[in-house]
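The figures that follow rest on heavy atoms only: side chains count, while hydrogens, waters and symmetry mates do not. Computed from a predicted model, the values in this text were never measured in an experiment.
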Amino acid sequence: GEPLDAEQVLAISRLPARDVLFGQLVGVVASPITGVVRTLNALIAGLASQLGQIAEQRGGEEPPAGAAGGPDIETPDQDAEPPQPAASPDAPAEGAAGEADSPSNDEETTT
């Protein structure tokens, strides 16, 4: 409610426009957030780079069990024999007719 003198009017005239002041305020408020985002982006990029280098060093090897973050699933051993079905009461005893016709894998055949 008081009248302004010449110096006060001159100081007000030097202020930026209202839109420019709002832009500056938003920039000051957003600056810390921008820094956090840039830092997180750099960390993620560094992690991706490290993982890429590890993958190149392995040269196509399969990742260790559980490395993909999924559950550990046992894979059957290819060299292991498949489980034998339980003998039914009607089936002949083991070593009777079925195995007598063919040599076993453990025995050597002579020619």
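The number of heavy atoms from other shown groups lying within 6.0 Å of CD (Gln53) is above 12.
Of the possible donor and acceptor atoms, one in the side chain of Thr34 sits under 3.5 Å from a partner among the backbone N and O of Ala30. Counting only distance, with no hydrogens or angles, the side chain of Ser31 and the backbone of Gly27 share no donor-acceptor pair below 3.5 Å.
Atom CG of Leu10 sits about 10.0 Å away from atom CG of Asp5, to the nearest 0.5 Å.
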Stepwise side-chain contact (heavy atoms from CB on, under 4.5 Å) test for Ile12 and Leu4
CA-CA 10 Å; Ile12 292 174; Leu4 300 175; 3.9 Å; yes
